[in-house]
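Remarks on the structure that follows.
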Amino acid sequence: MKNLRENIEALCITSTSTIRDALSLINREALGFALLLDPVSGLFSGLVTDGDLRRALLNGFGLEHSVQVAANTSPVTVGENVPYEEIVHKFSEKIRIIPIISSSGKVTDVAILDRKLRIPVAEPTMGETELMYVSDCILTGWVSSAGKYVELFEKKFASFCETKHAVSVSNGTAALHLALVALGIGPGDEVIIPSLTFISTANAVRYVGADPVFVDSEKETWNMDPEGVRQALTPRTKAIIPVHIYGHPVDMDPIMRIASEKGIFVIEDAAEAHGALYKGRKVGSIGHMGTFSFYGNKIITTGEGGMIVTNSAEIDEKLRLYRDHGMSKTKRYWHEVLGFNYRLTNIQAALGLAQLEKIEEIIEHKREMASLYRSLLKDIPGLCFSPEMEWAKCVYWMYCLIVDPEVFGMSRNQLADALREKGVDTRPFFPPVHRQPIYNTDQTLPVCEDLSASGINLPSSNSLKSEEVEQICRLIKEISGGN
Ligand SMILES: *Cc1c(COP(=O)(O)O)cnc(C)c1O
């Protein structure tokens with residue numbers, strides 16, 4: 001079901017209009033119906049669909065006849081504050097369009113039954129500011145990686161993360177790769193990472209020729225277990241990459257303590273956690289560097305894109321050098337190091353800047369939807385919702401459930417299949433990286449393996465509506481056999 005509030009005038013004609021007027025409106029708006037208003041009072045007076053008009057024409061009425069001969073002057077309508085569920089119940093094979101009428105008799109919205117009802121796991125939301133900034137790039141011709149938006153986006157992102165520097169790059173994987181390059185990590189070195197993460201974290205370590213060392217997750221936060229990190233240390237360990245998984249911050253204090261004891265580096269992989277707080281501090285600003293992704297399904301997006309934040313001027317300079325072919329700042333086309341082309345374009349940065357301007361609202365909305373999910377799912381036995389520790393502000397990149405099949409009565413995969421049948425899209429948790437074909441170690445990391453087998457991401461778009469969350473939770477309840 002979708003609502004059309006903003007566009008409602010475009011769907012209205014007066015009840016004194018002709019069949020031709022109604023057809024031309026339907027042709028223009030492409031929704032298959034027109035709303036009739038009383039020409040004097042402007043109040044709702046009927047509904048006419050393309051089917052109604054077709055029947056009238058077949059019955060011998062002409063284009064210049066009044067639309068009244070075809071219209072339904074007492075269609076099913078609902079009042080303004082009728083809950084979503086009640087509206088849904090009024091839909092049928094015949095009734096697919098329900099005008100929503102205010103107490104004074106004005107049409108305020110229309111509920112339309114969408115035959116292909118589908119709630120995706122994640123879709124980006126683009127607005128007028130995005131369009132305006134991107135248009136500016138196109139109109140001025142600044143479409144490549146020079147141009148004002150790159151610098152504006154970097155400055156604003158650094159300030160958002162409370163760091164001194166931010167270096168934009170072409171994606172989140174490039175951010176991780178470049179961070180390792182800037183630290184001089186290479187063959188023979190080891191980098192400790194959690195096994196429950198997206199593949200990029202490990203791949204970036206491989207790109208520089210170093211070896212990823214996988215550690216297990218904590219039960220409480222699903223993040224890398226500091227005790228596991230301590231046990232994984234060897235004389236070859238050069239860095240730790242904690243990952244703020246699904247938007248929940250890692251317990252950073254113990255990790256930073258280990259790193260400073262051993263004189264090794266910490267790169268926070270914050271690809272999923274823009275704006276999350278650890279003890280009041282922004283994630284990404286706590287380690288020596290923090291990396292972010294702006295892929296289409298992340299908290300904010302530039303289409304493809306990434307960022308590295310740091311407080312070190314020296315690291316910032318290295319990152320900029322390696323991002324741009326390793327070209328000397330003073331001598332053009334002169335390369336003393338092996339660099340990369342990992343630049344973000346001005347168009348991408350323009351998108352990013354517009355998205356960043358509304359990130360606080362996005363995060364607030366995500367937290368509201370999380371609390372709604374949590375409250376609606378809390379009484380279903382065998383399900384456990386995303387955690388939030390008392391020292392953390394989680395940004396809920398993905399809303400997650402852990403399914404205990406014994407208690408819930410079915411497995412994670414069965415729940416996913418049942419939801420898909422009802423048009424609700426989900427994703428399983430990442431498979432453990434230490435089990436992936438390209439890494440396949442003989443380790444057993446029980447917490448991470450359990451989470452990975454029983455965790456599911458629920459629809460998590462920034463545009464997700466509370467009605468949709470209610471609907472999803474009601475479906476989960478039905479599927480579980482509850483009521
Ligand atoms: C998305 C993601 C990345 C990679 O970002 P891309 O922009 O897709 O390259 C890295 N690490 C984690 C944890 C991610 O979720």
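Atoms within a ligand are numbered from 1 in the order they appear, just like the ligands themselves. Being a predicted model, the structure only gives us computed values, none of them experimental.
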SB check Lys331 Glu336 (cutoff 4.0 Å): no
Ligand-residue contact atoms, ligand 1 with Asn171, heavy atoms, under 4.0 Å: 7 (O), 9 (O)
Stepwise side chain to side chain donor-acceptor pair (under 3.5 Å) test for Glu304 and Gln348: CA-CA 8 Å; Glu304 294 274 2; Gln348 291 170 315; over 6 Å; no
With Leu383, the side-chain contact (heavy atoms from CB on, under 4.5 Å) member among Ile476, Val407, Ile402: Ile476
Straight-line distance of Asp324 CG to Lys329 NZ, nearest 0.5 Å: 11.5 Å
Pairing residues for Asn413 by the side-chain hydrogen bond (donor to acceptor under 3.5 Å, both in side chains) criterion, not counting sequence neighbours: none
Identity and separation of the nearest protein heavy atom to atom 15 (O) of ligand 1: Glu272 OE2, 2.5 Å
Residue and atom name of the nearest protein heavy atom (relative to atom 2 (C) of ligand 1), distance in Å to one decimal: Lys298 NZ, 2.6 Å
Closest approach of any protein heavy atom to atom 4 (C) of ligand 1, naming residue and atom: Ser200 OG, 3.4 Å
Which pairs of donor and acceptor atoms, one on a side chain in residues 237-249, lie under 3.5 Å apart (sequence neighbours left out)?
unit_1: Thr237; atom_1: OG1; unit_2: Thr234; atom_2: N; d: 2.8
unit_1: Thr237; atom_1: OG1; unit_2: Thr234; atom_2: O; d: 3.0
unit_1: Lys238; atom_1: NZ; unit_2: Asp189; atom_2: OD1; d: 2.8
unit_1: His244; atom_1: ND1; unit_2: Val250; atom_2: N; d: 2.9
unit_1: His244; atom_1: NE2; unit_2: Glu268; atom_2: OE1; d: 2.8
unit_1: Tyr246; atom_1: OH; unit_2: Phe430; atom_2: N; d: 3.3
unit_1: His248; atom_1: NE2; unit_2: Met389; atom_2: N; d: 3.1

Enumerated ligand 1 atoms positioned under 4.0 Å from heavy atoms of Asp269: 10 (C), 11 (N), 12 (C), 13 (C)
Ligand 1 atoms in contact with Thr197 (distance to a heavy atom under 4.0 Å): 13 (C)
Phe198: numbered ligand 1 atoms lying under 4.0 Å from its heavy atoms: 2 (C), 3 (C), 12 (C), 14 (C), 15 (O)
Side chain, backbone, both or neither: the part of Thr173 lying under 4.0 Å from ligand 1 by heavy atom: both
Proximal ligand 1 atoms for Val243, defined as those under 4.0 Å from one of its heavy atoms: 13 (C)
Any N or O of Glu304 closer than 3.5 Å to N or O of ligand 1: no
Test: Lys164 and Asp316 ion pair at under 4.0 Å: no
